Protein chains: 2
Amino acid sequence: MEADPSDKVFKALADPGRRLLLDRLRAEDGQTLRRLCEDMGMTRQAVAKHLRVLEEASLVVPIRRGREKLHHLNPAPIQEIADRWIGRFDRGRLRALADLKAKLEGDPDG
Amino acid sequence: MEADPSDKVFKALADPGRRLLLDRLRAEDGQTLRRLCEDMGMTRQAVAKHLRVLEEASLVVPIRRGREKLHHLNPAPIQEIADRWIGRFDRGRLRALADLKAKLEGDPDG
DNA sequence: TGATTATGCAACCGTTCGGTTGCGTGTCAA
DNA sequence: TTGACACGCAACCGAACGGTTGCATAATCA
């Protein structure tokens with residue numbers, strides 16, 4: 001039902017825990033699940049679920065190394081969103097905000 | 001519990017319907033609720049709920065005009081995310097993707 | 001005034017989400 | 001070979017989500 005491929009990325013980014021995981025992988029790439037569980041305040045299985053969501057959004061690429069699974073960050077989908085989607089709201093439109101503020105202040109009854 | 005002010009923005013962007021509403025407001029700013037309901041495939045109340053989420057994320061600013069409510073797009077929070085958060089995953093890191101691909105291809109067993 | 005229009009409010013409902021517990025499987029090391 | 005370690009799988013649970021229906025309220029117009 002959902003054709004937009006970037007939808008998974010948006011949904012994956014919607015959770016603060018998952019954003020934290022991305023931050024941690026950015027700080028140190030290729031960490032193991034056990035390692036990523038530290039200071040997350042939740043069980044290993046919960047973290048594994050979050051990582052799975054990130055994997056399905058292609059934000060994290062897992063590499064099996066013997067009995068452990070190294071998680072690698074893939075920033076490409078985020079850049080894609082920044083370029084394709086957020087780029088639409090370019091800085092030129094930010095001028096509209098000033099206009100809006102002026103309108104709000106000059107027309108207090110709404 | 002959630003201190004991050006940008007969390008609401010991420011969550012608001014997580015729904016494709018809400019992203020569509022932002023797109024429509026980008027195409028034509030200051031639309032009424034009734035207008036925004038057209039071709040959304042859901043009831044007015046559902047659209048109103050989505051708009052409320054966008055308002056609480058400061059992505060949409062409503063202005064009452066008599067009995068109707070004009071919805072104005074505020075791209076600032078999106079730019080904020082693009083600058084503050086997505087900016088961390090700068091293009092320099094995209095080189096890591098090539099390295100990762102090489103690693104995956106050169107080490108097929110994972 | 002009275003009908004119509006634009007919106008708000010609230011209860012309700014099925015599904016998804018974030019998290020847990022419990023158990024199974026494969027890998028490494030003594 | 002045995003035990004510990006890293007991980008996967010699945011059932012379960014409460015809360016949040018996306019959407020509906022029904023009714024109330026305020027502004028406009030004939």
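Every chain is numbered from 1 and lettered A, B, ... according to where its sequence line falls, protein lines coming before strand lines. Here the structure is a predicted model, which means the values were calculated and not measured.
- A sub-4.0 Å separation between OP1 or OP2 of D:dG18 and a side-chain N or O of B:R18 is present.
- Within residues 40-54 of chain B, the residues having any heavy atom under 4.0 Å from DNA chain C are, by residue number, B:R44, B:Q45, B:K49.
- A:L25 and A:L21 fall within a single hydrophobic cluster, where Ile, Leu, Val, Met, Phe, Trp and Tyr are joined by side-chain heavy atoms under 4.5 Å apart, directly or via other members.
- Proximity of a side-chain donor or acceptor of B:N74 to a complementary backbone N or O of B:V61 within less than 3.5 Å is not detected.
- Put simply, the side chain of A:R67 and the base of D:dC5 share a donor and an acceptor less than 3.5 Å apart.
- Criterion: ILVMFWY side-chain heavy atoms under 4.5 Å apart, direct or through other members. Under it, A:F10 and A:L20 are part of a common hydrophobic cluster.
- In this model, the phosphate group of D:dG8 is approached by a side-chain N or O of A:K69 to a distance below 4.0 Å at OP1 or OP2.
- Here D:dA27 presents its P atom at 15 Å from CG of B:L70, a figure rounded to the nearest Å.
- Residue pairs meeting the side-chain hydrogen bond (donor to acceptor under 3.5 Å, both in side chains) criterion with at least one partner in residues 46-57 of chain A, sequence neighbours excluded, are A:R18-A:H50, A:R52-A:E56, A:E55-A:K69.
- A 4.0 Å heavy-atom criterion places the boundary nucleotides of DNA chain C facing chain A at C:dG18 to C:dC28, written 5' to 3'.
- Between A:R64 atom CZ and D:dC7 atom P the separation is 8 Å, expressed in whole Å.
- Remark: C1' of D:dA16 and CD of B:E56 are 14 Å apart, rounded to the nearest angstrom.
- A search for side chain to side chain contact (heavy atoms under 4.5 Å, CB included) contacts involving A:A48 returns A:L33, not counting sequence neighbours.
- In this view, B:E68 satisfies the salt bridge (charged side-chain N to carboxylate O under 4.0 Å, His left out) rule with no residue, not counting sequence neighbours.
- Put simply, A:T32 has a side-chain N or O that comes within less than 4.0 Å of OP1 or OP2 on D:dC7.
- In this structure, the side chain to side chain contact (heavy atoms under 4.5 Å, CB included) partners of B:A14, at least two apart in sequence or on a different chain, are A:A14.
- A continuous path of hydrophobic side-chain contacts links B:W85 to B:I78 [ILVMFWY only; heavy atoms under 4.5 Å].
- A:R35 and A:R24 make their closest contact through O-NH1, 3.6 Å (heavy atoms, listed as atom of the first residue, atom of the second, distance).
- Nearer to the 5' terminus of DNA chain C, by closest-nucleotide assignment, is the contact made by B:R34 (compared with the other of B:R34 and A:D15).
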